[in-house]
Amino acid sequence: MVSVWSPAKELKTNNSEAGGHLIGYADAWRGKNPANCSDQEKKHVDFIVAGVNYLQSRVGLPAALCLQNEPTHATGYASCVYNGDQFVR
């Protein structure tokens with residue numbers, strides 16, 4: 001199983017691995033079209049796909065992928081708060 005605890009800090013609203021939101025999160029709540037993925041979301045997804053591809057080439061395809069353990073809970077350690085639209089995208 002692969003679990004991604006936090007996007008890279010430069011992709012987040014607070015520029016930190018702890019807490020914060022993936023940039024693009026607030027846009028979905030401001031009436032912007034949530035179907036449109038932000039550049040930061042795309043970079044985060046590309047990073048995850050590259051990681052899974054690397055693992056597949058070295059040890060095999062992971063049995064499962066977890067985007068976040070607690071997607072609505074900010075913590076003082078590596079974490080990120082997501083909205084439902086970001087999980088669907």
Notebook entry, point to check: Between T13 and H21, is there a donor-acceptor pair closer than 3.5 Å when you use the side chain of the first and the backbone of the second?
Noted result: yes

Check: Quick one: side chain to side chain donor-acceptor pair (under 3.5 Å) pairs with a partner in residues 49-62, sequence neighbours left out?
Finding: Y54-R58

Next item on the list: Check N14 against A18 and note the closest heavy-atom contact, atom names and distance.
Entry: ND2-O, 2.8 Å

Next item on the list: Would you give the length of the straight line joining atom OG of S79 to atom CD of E17, rounded to the nearest 0.5 angstrom?
Entry: 10.0 Å

Next item on the list: List for me each residue that meets side-chain contact (heavy atoms from CB on, under 4.5 Å) alongside L65, sequence neighbours excluded, and say none if there are none.
Entry: V2, V4, I48, L67

Item checked: side-chain hydrogen bond (donor to acceptor under 3.5 Å, both in side chains) involving K12 - partner list, sequence neighbours excluded -> S6

Next item on the list: Under the side-chain hydrogen bond (donor to acceptor under 3.5 Å, both in side chains) rule, collect the residues that match up with S3, sequence neighbours excluded.
Entry: none

Notebook entry, point to check: Side chains of V52 and L61: does their closest heavy-atom pair fall under 4.5 Å?
Noted result: yes

Check: Distance from H73 atom NE2 to Y82 atom OH, nearest 0.5 Å?
Finding: 14.5 Å

Checklist line | Approximate separation, where rounding is to 0.5 Å, of I23 CD1 and K43 NZ | finding: 9.0 Å

Checklist line | Side-chain cluster (under 4.5 Å, hydrophobic types only) that M1 belongs to, other residues | finding: none

Checklist line | Heavy-atom pair of closest approach, residues Q40 and L22 | finding: O-CD1, 4.2 Å

Notebook entry, point to check: Quick one: side-chain hydrogen bond (donor to acceptor under 3.5 Å, both in side chains) partners of Y77, sequence neighbours excluded?
Noted result: none

